[in-house]
Structure formats: C-alpha cells, structure tokens
Number of protein chains: 2
Amino acid sequence: METGQRRTPCQSCPLRALERFRDFTPAELEFVARFKIGELHLPAGNNFLIENAESANLYTVLGGWAFRYKVLQDGRRQILNFALSGDLVGLQGTLMGEMQHSVEALTPVRLCVFQRERILEVYRNFPSLAFDLTWLAAREERMLDENLLSVGRRSALERAAYLLVFLHVRARALCPGRLEKVFLPISQQHVADTLGLSIVHTNKTLRKLAERNLIRWHGRSCEVLDEDGLRKVAGWYDEIEMHRPFI
Amino acid sequence: METGQRRTPCQSCPLRALERFRDFTPAELEFVARFKIGELHLPAGNNFLIENAESANLYTVLGGWAFRYKVLQDGRRQILNFALSGDLVGLQGTLMGEMQHSVEALTPVRLCVFQRERILEVYRNFPSLAFDLTWLAAREERMLDENLLSVGRRSALERAAYLLVFLHVRARALCPGRLEKVFLPISQQHVADTLGLSIVHTNKTLRKLAERNLIRWHGRSCEVLDEDGLRKVAGWYDEIEMHRPFI
DNA sequence: CGCCGTATTGACAATCCTCAAGTAAGGTGG
DNA sequence: CCACCTTACTTGAGGATTGTCAATACGGCG
C-alpha cells in the first residue's frame, strides 16, 4: 500500500477534461483542492474500506476500478456496485459513522482522499457542491434500484447481459477518445457475486453469451463484442445521462 | 384523490414528538413550514409517482405506508423499498429530472408536499437541512444494500424472515407508546415482489414461519408474533440507529 | 347469494446449486 | 527450458430450490 502526498493537483484533474463531468467554478475548484488531503495508490485486492469499521475518510476514485460488497457470516458475498473514475466511495460511513459494507480495489486504484471532519464545510460554504453530494448519492441509489430489479426479477441470462452492458456503458464513458475495445476487469466470480448466482451457473450463462458472439472472456477480463446484442438480451432501455457532477 | 391546503402545521408535526426524530432549530422549523406547499391525502393503491414521468414534487410521508417499485415490460414487478412516516420520496426525480421508479400508496397515506423548484433554497440557506437530505439518501442506499444482499444471497426462508423483522422494526419505531401488536399492512404478493420470489413459493415460505409461531397472517396484513425468533432465522445482526433527521 | 381478492395446496417442470473432475494460461524455481 | 504450482475457466451429473399451472378455500362486500 502506497500512501502519499498530493500527486494530481485538482486544477489539472484528468477527469475534468472528460466531457462527461460538469465544470467547476474557480471558487469551487479552489475549495475542492484544499478539501483534498492526499492521494492513495493501492494495489488490486486491497480492502480500503471495511464493514463495521469507522470510516476515517471519504474517497473519490481517480483511476482504476473498485467494488462495494457485503458478506454474510458464512461467507456468502454480494457485490452491491462497482466504483469507477469519478465515483464517490465512503459517503455512508462519513455521514453515519460506521461503514455497513466493504470496498475492495478491483484493479490498482488511485484515490483522492477527503477528510471526513470537514464534510460540514462543504455544506456551509459551497451549496453547489453539497447539492452534488446528494446528487451522487441519488445516482448510486438509482443504480442499486436497477441492480435489485435485475437480481430479483430478471433471468440469469438477462441479468448477466444487463450487468455487462451496464459496466460497458460506464467504462466507455470514461475513455471517449479511443474507439478501441474496452475490457471489463472482472472475473466470473465477481459476476456471480453481483448477480446472486453460483460460479458454475454464471459460467454456463456467460458461455451462452459467448456462443452468440456477444462477449469473449480472457482470464480476469471480459471483452464486449456486441453491446447492442447484449442490450436485446437484457431488455435494456436507454436513459439519457446528463453531465454529472463529481467532487 | 384529495388534495388540499395545509392541514398539519409543521410546528405541531406529530412526527416531531417521536423520540426517534431529531429536533429542529426554530429557524429550520420556520423554513420547513414555508417550504411545505401543501398536503395530499391519498387512498391505498394510488400511484402518486410514476416511472418515466417528470416528478413535479418531493414528498415526505406524514402517515401511512407506501412502496417504491419498478416493473419490466412483461409485468414482472420488483418492490425496491417501503416508505413509512418521516421518509422522503421522490428525491431522485427532484434532483435528476425524471423518476426511474414508481411509488404507490400501500395504505391510505398523508403526504407533505414540497416544491421541486425550491430545493436549491435548502442548499443555499440551510446547510443543516441540506445535510439531512444527503443523510436520508445515504440511509435509503443502506437499506437497499441490505435488501440486495437478501435477494442475492439469502435463502427464501432467511429472506422472508429478514424482511418481516426489517419492517417490524421500522413500524415499531413509529408507535413507541403502545406496546400492543404491530400489523404490517402488506399482502403476500408484496412480500413476493420484494423478495424476488413467486407468489406460490412465498406462500409456502411464510407458511413455515407461521407453523413455527413466528408470524400470523390475516388477509392483507401480517402480525409478528416473535421478532426474536424471526431474527434467528434471518441471521439478523443489530445495528444502532441514532436520531434521524427528516424534512 | 354470488363475486372478487387473497391465501392455500398439490403436482410437475424449469432453474439454479453442489460436487467433482478437468483444461488452460501464467508464474516460479530448479 | 521445463516441472510444478496457482488461479480461473469449463463441463457433466445429480439434487435442491423455486417456478408454473391448476384447483380449492375463505372472507368481505355489494
């Protein structure tokens, strides 16, 4: 685990360049730059937030992938959602004191670290950023709603297709320049734990998608060959996503 | 549908009397009283927020039960969560323009109506209330996390027991005075759609709980006879809930 | 009384899980 | 360079869970 001083000044934040993210005013930018107390570079597999622990900090993913999950006593694991660049992680713990889920780095990950104690300053001094915090929480809720619909009511095949489109859309939005293939850095075990399926049945389901030439699997990563085909299987209906905020 | 002028002044809000809710400062109270533009009394079954519609307003449940849900094209329905007194409904639509789920009154319901356009005033003028909005969003997320864990990884019996304890705890918290029985105003169809099970299998599962004298079913409502027994079946671990905010 | 919504039950089928064994790719030490 | 790990993906067989279909019971209500 490598912790360190600020590496990426907010003023030249690479995320800001992406069309997807909203612009900051100079004052907002300056505030956020002071709000950020450091940067954390972690290897894949690191659990940087742990259930039942007081969460010391709030993080924004600056690069890499992570996932939120919960486990039952006997080890059954449910992945709740994934966090990609620009996503906020640890807000629940920041607001309510104790984490009720864990977060693990899926790939090597770079995190902006914000101090928990200073969250109130955001509300007192920057209403627009406070609004963005609520917006991000509402967006997370929306993703969870959709995921719950999947796990509760979609068939295994629909579920798998839906998840892959979902992740593919989110991943593509972060690398707008290159039109080359996007690989999703997940194993079949991650898919299983996200969809609430066993690893064996997940494998057989993904196999069907591969046989239809919709995806291809390469060890710990998934290549999406035909997003539209997956959408059909998933019953995906598009939604417009506007410029999103981030902190 | 009965819509009307203000019936319950915020100053004498019945929820405020409950130990569970945090106190407002006089200034906050006055602001909220002006922020509330009316009150809506709706019969059971009324869908007062609808997926894909622009949501005109933001609501707080003042009395009664409602539930959030989504449906797939072919009619499969997933209930996402329930809303009881003090719960905020419609925030997603308020912040992001369009609802991506519907909300239906489960019992006759009384709603405080807040004007969507004025949400920014909260952020500009009352940081403490803005914080509460984020807090409520994070709380909803937390409940969804737990529900997703249930649907994804718990067995039918565990799931059912968990849901009933969850609802019983929430319902009991709202009527602290009376120690009499609390009835959950749901049908087995609601349970099925919450747990992602078929109605038949739900019935058989609930039957098992009834045979163990943990619950009793009365038409459209469920009586919890033995909460501790249910907790054991569910694998429930307690969490501390502090004084919660509400708007 | 008959109608309707809800709960209940049995029989059978589909989905999904577990167990078990195998393959393929990559890394490591000799 | 090869033997030998480890990790992850595959596949088949059999069993448990859950779904579908169909019929019945029961109570409230016009």
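Proteins come first, then strands; the chains are lettered A, B, ... in the order of their sequence lines, and each starts at number 1.
Under the salt bridge (charged side-chain N to carboxylate O under 4.0 Å, His left out) rule, A/E146 has a single partner from A/R153, A/R159, A/R154, which is A/R154. Each of A/H101, A/E98, A/M99, A/Q100 was scored for a side-chain contact (heavy atoms from CB on, under 4.5 Å) with A/N52, with one residue passing: A/E98. When each of B/T107, B/L167, B/D193, B/I79 is tested with B/I186 by the rule side-chain contact (heavy atoms from CB on, under 4.5 Å), just one qualifies, namely B/L167. The side chain to side chain donor-acceptor pair (under 3.5 Å) with B/R68 is formed by just one residue from the set B/E104, B/E51, B/E140; it is B/E140. Partner B/H190 forms a ring-ring contact (aromatic ring centres under 6.0 Å, His included) with one of B/Y69, B/F67, B/F82, B/W65 and no other, that one being B/F67.
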Apply side-chain contact (heavy atoms from CB on, under 4.5 Å) to the pair B/V61 and B/L111, showing each step before the final yes or no.
CA-CA 5 Å; B/V61 178; B/L111 302 171; 4.0 Å; yes

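A 6.0 Å sphere centred on CZ of A/R172 holds more than 12 heavy atoms belonging to other residues, nucleotides or ligands.
We find that NE2 of A/H201 is positioned 18 Å from P of D/dG14, with the value rounded to whole Å. Between B/N203 atom CG and D/dC21 atom P there is a gap of 17 Å when expressed in whole angstrom units. The interatomic distance linking B/R77 (CZ) with D/dG19 (C1') rounds to 18 Å, in whole Å. Here D/dT11 presents its C1' atom at 12 Å from CD of A/Q188, a figure rounded to the nearest Å. Between the CD1 atom of A/I199 and the C1' atom of D/dA8 there is a distance of 8 Å, rounded to whole Å. Here D/dT10 presents its P atom at 14 Å from CD of A/Q189, a figure rounded to the nearest Å.
In this structure, A/L184 CG and A/L163 CG are separated by 8.0 Å, a value rounded to the nearest 0.5 Å.
Near DNA chain D, defined here as any heavy-atom distance below 4.0 Å, the residues from residues 208-222 of chain A are A/W217, A/G219, A/R220, listed numerically.
When heavy atoms are screened at a 4.0 angstrom cut-off, B/L197 is found touching the sugar-phosphate backbone but no base atom. Within 4.0 Å (heavy atoms only), B/S187 reaches sugar-phosphate atoms of the nucleic acid but no base atom.
Taking a cutoff of 4.0 Å between a charged side-chain nitrogen and a carboxylate oxygen, B/R212 and B/D226 do not qualify as a salt bridge.
Residues A/L164 and A/L206 have side chains in contact (heavy-atom distance under 4.5 Å, counting atoms from C-beta outward).
Extent of DNA chain C lying under 4.0 Å from chain B heavy atoms, first and last nucleotide in 5' to 3' order, is C/dT6 to C/dA11.
Rounded to 10 degrees, the angle separating the terminal axes of the helix from C/dC1-D/dG30 to C/dG30-D/dC1 is 30°, with each axis obtained from five end pairs.
With hydrogens and angles ignored, a donor-acceptor pair under 3.5 angstrom links the side chain of A/K204 to the base of D/dG12.
What you find for A/L106 and A/R220 is that their closest heavy atoms are O-NH2, 3.8 Å.
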